[in-house]
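Bear in mind the structure is a predicted one, so any value in this text is a computation, not a measurement.
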Amino acid sequence: MESSMSMSAAASVVVRTCVPAAVMLPLSPSFTRPAPRTTGRGFRCRCSSTSSATKDSAVVYSRLLDDALFRSAEVIQWESGKSMNAIATAQGIQIRRRCRPRYPSEGTGAERAVPRNILEQIIWDKEVEVAQRKARTPLCEVKASAALAPPPRDFVGALRAACRRNAVPALVAEVKKASPSKGLLRDHFDPVEIARTYEKNGAACLSILTDEKHFQGSFENLEAVRSSGVNCPLLCKEFVIDAWQIYYARSKGADAVLLIAAVLPDIDITYFLRVCKSLGMTALVEVHDERELDRVLKIDGVELIGINNRSLGTFEVDTANTNMLLEKRGDIINEKRIQVVSESGLFTPDDVAYVQKAGVFAVLVGESLLTQEDPGRAIAGLFGKELLP
């Protein structure tokens, strides 16, 4: 949810924050902007501060009213004064957005926020982190770097090829040092070494954790793996709340990004899908439950859905979640030619066979590989056989 601007023909510009990311540009480089419409309105800031990075990336969204995205119900509701938290809640999103200039855990009294769960805490912290990163490296600079990056690799194509090659779901192997639920996963953590052994042992694609505060990951790890000669397409496993992050991931060599439906309103998912398409990237859209899946299935441009078997509230894992959602919505998914990835809770060949029977064509696995002495060799134990690279 980036900041947006509205402008009258003769009035000065006033920034209002905590708005849909979709009211921001850029879209594709070929997008044509019509002449500005005079609105005669300005929006007052709801947060305590704004930054030069906000102004750098903000545009007049009233120029885009010929596009259906900017005539969406969310934009109309927001323009009429409804908060994005209220709009998101109506879509079943429980993760609140704070729009605070400091980390929410800092301060006392009313300044100290209490998150409902770990995901909400991660997102609040991510808001602060992204604002700081944008202040240091404006969007225009990140876009320029992304344009110079090597062409993205075919993430979905690599999964399809591996699925055909091995007759089991393709593997997206995760490079992750720690997690909020399990803590440190490996004492000796070399992301390049792990990535190479994953590829050697049959992983089709790799997922690189880039969140620093909660997963001890980094974009430097992503860049190092990409520069190491590893040929597998790379998923940037980041908590995306701003288009800036997608451009930044591309500049570091990412071929795909994660979009989490539990965090993003429909309009943001739609907009971020457009950004990904303009960059030639794949978006893995993650859902946790039936309501999120129904929302995502109504959005055009989705080609890859991840079903996370981990509960957001309890962090407990149950692979039956994948089976249940595919039993209920498998026909629609097949009709739309969307491919499904099962995530979390996969430790044995029986687990993999169970979700394969449910209808997935790929699995995303990290913990069960990383906690073993040789994560690459652990792949054969997960699938019950060695995979062809």
Side-chain angles (χ1 to χ4, degrees), residues 1-5 19-33 53-54 56-61 63-64 66-72 74-75 78 84 88 97 123 126-127 129-131 133-134 137-156 208 210 219 222 233-261 263-286 295-296 298-306 338:
M1 299 177 186
E2 297 181 72
S3 298
S4 177
M5 304 173 76
V19 304
V23 302
M24 301 295 300
L25 281 189
L27 297 177
S28 69
S30 60
F31 189 87
T32 302
R33 300 177 179 85
T54 294
D56 170 72
S57 60
V59 296
V60 182
Y61 84 93
R63 297 181 181 184
L64 307 168
D66 64 328
D67 188 286
L69 184 63
F70 300 91
R71 296 195 303 270
S72 69
E74 288 129 308
V75 170
W78 169 79
M84 277 310 299
R97 299 292 291 277
I123 295 304
K126 188 62 63 176
E127 288 182 317
E129 176 194 322
V130 171
R133 285 180 175 271
K134 288 173 69 176
T137 312
L139 179 62
C140 59
E141 294 182 18
V142 175
K143 284 181 60 186
S145 296
L148 296 175
R153 303 176 189 193
D154 186 354
F155 192 87
V156 176
I208 314 294
T210 54
F219 281 98
L222 173 66
L234 305 183
L235 169 73
C236 176
K237 190 76 172 290
E238 171 71 335
F239 296 86
V240 173
I241 57 172
D242 191 304
W244 185 96
Q245 295 164 277
I246 302 176
Y247 286 99
Y248 193 68
R250 179 82 277 273
S251 75
K252 298 299 183 182
D255 308 291
V257 294
L258 179 72
L259 304 178
I260 304 176
V263 172
L264 301 170
D266 298 352
I267 190 172
D268 283 4
I269 296 174
T270 302
Y271 172 54
F272 292 153
L273 286 170
R274 291 188 180 195
V275 173
C276 287
K277 184 175 181 180
S278 75
L279 294 171
M281 301 176 73
T282 298
L284 173 61
V285 185
E286 181 180 282
R295 284 175 48 215
V296 169
K298 294 176 183 178
I299 297 173
D300 292 334
V302 176
E303 60 175 338
L304 197 60
I305 289 177
I338 295 171

*Apply the test side chain to side chain contact (heavy atoms under 4.5 Å, CB included) to residues Asp268 and Thr270: give CA-CA distance (whole Å), side-chain angles for both, the deciding distance (0.1 Å), then the verdict.*
CA-CA 5 Å; Asp268 283 4; Thr270 302; over 6 Å; no

*Report the C-alpha distance between Leu273 and Val302 in whole Å, list the side-chain angles of each, state the deciding distance to 0.1 Å, and finish with yes or no for side chain to side chain contact (heavy atoms under 4.5 Å, CB included).*
CA-CA 7 Å; Leu273 286 170; Val302 176; 3.7 Å; yes

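Side-chain contact between Arg250 and Met281: present, with at least one pair of heavy atoms (C-beta onward) separated by less than 4.5 Å. Side-chain contact check for Val263 versus Phe239: every heavy-atom pair is 4.5 Å or farther apart. Proximity of Ser145 to Tyr248: side-chain heavy atoms (C-beta onward) are nowhere separated by under 4.5 Å. In this structure the side chain of Leu279 never reaches within 4.5 angstrom of the side chain of Pro152, judged on heavy atoms.
Taken from CD1 in Ile246 to CG in Leu258, the straight-line distance is 10.5 Å, to the nearest 0.5 Å. Separation of atoms CD1 (Ile260) and NZ (Lys237) is listed at 7.5 Å; rounding is to 0.5 Å. Distance check: Leu284 CG to Glu303 CD gives 10.0 Å after rounding to the nearest 0.5 Å. Expressed to the nearest 0.5 Å, how far CD of Glu127 lies from CG of Asp242 amounts to 10.0 Å. Taken to the nearest 0.5 Å, the CG atom of Leu222 stands 8.5 Å off from the OG atom of Ser251. The line from OG1 of Thr282 to CG of Asp154 is 6.5 Å long, rounded to the nearest 0.5 Å.
Asp255 approaches Arg153 most closely through the heavy-atom pair OD1-N, 2.7 Å. Residues Leu234 and Gly253 share a closest heavy-atom pair of CD1-O, 4.3 Å. Scanning both residues, Phe219 and Cys236, for their nearest heavy atoms gives CE2-SG, 3.7 Å.
Partners of Phe155 by ring-ring contact (aromatic ring centres under 6.0 Å, His included), not counting sequence neighbours: none found. Residues passing the side chain to side chain contact (heavy atoms under 4.5 Å, CB included) test with Thr137 are Glu141, Val142, Trp244, sequence neighbours excluded. Annotation: salt bridge (Lys or Arg N to Asp or Glu O under 4.0 Å) contacts of Arg295 (sequence neighbours excluded): Asp266. Remark: Thr210 pairs with Glu238 by the side-chain hydrogen bond (donor to acceptor under 3.5 Å, both in side chains) rule, at least two apart or across chains.
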